Amino acid sequence: MSFLRPLPQALRAEAARIGGLAARCLVLEVETWPKPGLVSHVDNGSHTDMDAGSFRRSAAAIEPFLARLALAGIEGASMPRLRAIGLEAEGAMLRATGGVNTHRGAIFGLGLLCAAAGARLAGARGRLGDVVERLWGEEILGTPSAPDSHGGCAARRHGAGGARQEAAAGFPTLYHTGLPALRQGARLAPGDDEAARVQSCFALIATLGDTNLLHRGGAEGLAFAQRAARGFLEGGGVGRPGWRAAAAGIGADFVARRLSPGGSADLLAMSLFLRAMEAA
């Protein structure tokens, strides 16, 4: 028997809005080009088993679960409940994509931010990342990564922090890199939000110890990717003439090496969510 009072309809509507916004941020991520090695609405990057349609179907399939995570945050849920909803979301994703993992990392990170947004509606204070750290950080570190997670395996093999440590620390990379780069991109290319998203993507690749890159290319692949992204940014980023061609050229180098910075793609979607949810 549940002793939880039914939530007011206004809170349920707000949870649905949060889930819808999060899903929209996932679509915005795939509608960003050029992103080296990553699937976009223009090309499939380094992937042969997924395309933009896979990502759009996946985002639509997991939207109701992102809303449920926001509701769970309102209700003060602990990490086991959030994880159970996340696993249901993964199942819906795999059914929508024919078994392809498009958004597992985003379900984890963006799902936690949705839960934090719900917790703020119930009175939690602070930035969304701070809410995640305060309410669930210890439980996140105590939760084992999925046994078939390529990122988790790469993190253990190379001693990288991985998604769980990033989340438990309150997503510092979002606040120190992803969000500032979105704002910088908006200044460099006024009125071109896709350019701002590309700037943020490259900044994340340049700084993140992306376990997807480690999985595909080892330490050498990660170093190459970070070096290439830094070169793009140091050359002026999306503020330089011909930046799209330069970024596409870097993308071709990633494809030749089969590199795909999937962790950076997840953090781009999460940065977009924070941009929409939190004051500048």
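Note that the structure is a prediction, hence the values are computed from the model and not measured. No hydrogens, no waters, no symmetry mates; every other heavy atom, side chains included, goes into these values. We count residues from 1, following the sequence as given.
Between Phe108 and Arg164 there is a side-chain heavy-atom pair separated by less than 4.5 Å. The side-chain heavy atoms of Ser264 and Phe202, taken from C-beta on, include no pair separated by under 4.5 Å. Leu38 has its side chain within reach of Cys201: a pair of non-hydrogen atoms, C-beta onward, lies under 4.5 Å apart. Contact of the Ile205 side chain with the Asp210 side chain is not registered, since no non-hydrogen atoms from C-beta on lie closer than 4.5 Å. For the pair His41 and Glu194, the minimum side-chain heavy-atom distance is below 4.5 Å. Using a 4.5 Å cut-off on side-chain heavy atoms (C-beta onward), Met270 and Leu267 make contact. No side-chain heavy atom of Phe65 sits under 4.5 Å from any side-chain heavy atom of Cys114. Thr32 is not listed as a side-chain neighbour of Ser40, based on a closest heavy-atom distance of 4.5 Å or more.
Side-chain N or O atoms of Gln199 include one that pairs as donor or acceptor with a backbone N or O of Val238 at under 3.5 Å. In this structure, Arg275 contributes its side chain and Leu182 its backbone to no donor-acceptor pair below 3.5 Å. With hydrogens and angles ignored, the 3.5 Å screen pairs a side-chain donor or acceptor of Thr207 with a backbone N or O of Ala203. Side-chain atoms of Glu278 come within 3.5 Å of backbone atoms of Leu128 as a donor-acceptor pair (strictly under, hydrogens ignored). Looking at Glu139, its side chain does come within 3.5 Å of a backbone N or O of Met79 through a donor-acceptor pair. In terms of modelled atom types and a separation under 3.5 Å, the side chain of Trp136 and the main chain of Ala77 share a donor-acceptor contact. Judged by distance alone, the side chain of Tyr175 and the main-chain N or O of Pro180 form no donor-acceptor pair under 3.5 Å. Remark: side-chain polar atoms of Thr102 are not paired, donor with acceptor, to backbone N or O of Ser54 under 3.5 angstrom. In this structure, Thr97 contributes its side chain and Met93 its backbone to a donor-acceptor pair below 3.5 Å.
No continuous path of ILVMFWY side-chain contacts below 4.5 Å connects Phe273 to Phe55, so the two sit in separate hydrophobic clusters. The hydrophobic cluster containing Ile62 does not contain Val27, counting ILVMFWY residues as joined when their side-chain heavy atoms lie under 4.5 angstrom apart, directly or transitively. Note on Val30 and Leu21: separate hydrophobic clusters, where clusters join Ile, Leu, Val, Met, Phe, Trp and Tyr whose side-chain heavy atoms are under 4.5 Å apart, directly or indirectly. Neither Val100 nor Leu26 shares a network with the other; the hydrophobic side chains, linked directly or stepwise wherever heavy atoms of I, L, V, M, F, W or Y lie under 4.5 Å apart, form separate groups for each. Placement of Leu28 and Met50 in two distinct hydrophobic clusters is found when ILVMFWY residues are connected by side-chain heavy-atom separations under 4.5 Å, directly or transitively.
The pair Glu31-Arg197 does not count as a salt bridge, with every side-chain nitrogen at least 4.0 angstrom from each carboxylate oxygen. Ion pairing of Asp130 with Arg134 is absent here, as no side-chain N (NZ or NE/NH1/NH2) approaches a carboxylate O to less than 4.0 Å. A salt bridge does not link Lys35 to Asp43: none of the charged nitrogens lies less than 4.0 Å from a carboxylate oxygen. No salt bridge links Glu63 with Arg24; every basic N to acidic carboxylate O contact stays at or beyond 4.0 Å. Under 4.0 Å is where a charged nitrogen must lie from a carboxylate oxygen, and between Glu90 and Arg83 no such pair does.
The minimum heavy-atom distance between Ala269 and Cys25, with the atom names listed, is O-CB, 3.5 Å. Closest heavy-atom contact between His103 and Ser58: ND1-OG, 2.6 Å. Between Ala119 and Leu135, the closest heavy-atom pair is CB-CD1, 3.7 Å. What you find for Val132 and Ala116 is that their closest heavy atoms are CG2-CB, 3.7 Å. Listed here is the closest heavy atom pair of Ser46 and Arg216: O-NH1, 3.7 Å. Nearest approach of Gly209 to Leu214, heavy atoms of both residues: O-CD1, 4.5 Å.
Here the straight-line distance linking atom CE of Met277 with atom CZ of Arg127 works out to 14.5 Å at 0.5 Å rounding. One finds the CD1 atom of Ile107 at 9.0 Å from the CG atom of Leu69 (value rounded to the nearest 0.5 Å). A distance of 7.0 Å separates CG of Leu272 from OG of Ser200, quoted to the nearest 0.5 Å. Between His176 atom NE2 and Leu174 atom CG the span is 10.0 Å, to the nearest 0.5 Å. Rounding to the nearest 0.5 Å places CG of Leu274 at 5.0 Å from CG of Leu179. Taking CD of Glu75 as the start and CZ of Arg68 as the end, the distance is 10.5 Å to the nearest 0.5 Å.
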Quiz: residues 220-228 side-chain donor-acceptor pairs under 3.5 angstrom, not counting sequence neighbours:
unit_1	atom_1	unit_2	atom_2	d
Gln226	NE2	Leu208	O	2.9

Would you mind writing out the side-chain donor-acceptor pairs for residues 248-263 within the sub-3.5 Å range, not counting sequence neighbours?
unit_1	atom_1	unit_2	atom_2	d
Arg257	NH1	Asp253	O	3.3
Ser260	OG	Gly37	O	3.3
Ser260	OG	His47	NE2	2.7

Checklist entry - Which is it for Thr173 and Glu166 under the side-chain hydrogen bond (donor to acceptor under 3.5 Å, both in side chains) test, yes or no, and what are the steps along the way? => result CA-CA 7 Å; Thr173 304; Glu166 174 75 17; 2.9 Å; yes
Checklist entry - What's the verdict on side-chain contact (heavy atoms from CB on, under 4.5 Å) for Leu11 and Leu71, showing C-alpha distance, side-chain angles and the deciding distance? => result CA-CA 8 Å; Leu11 285 178; Leu71 280 173; 5.7 Å; no
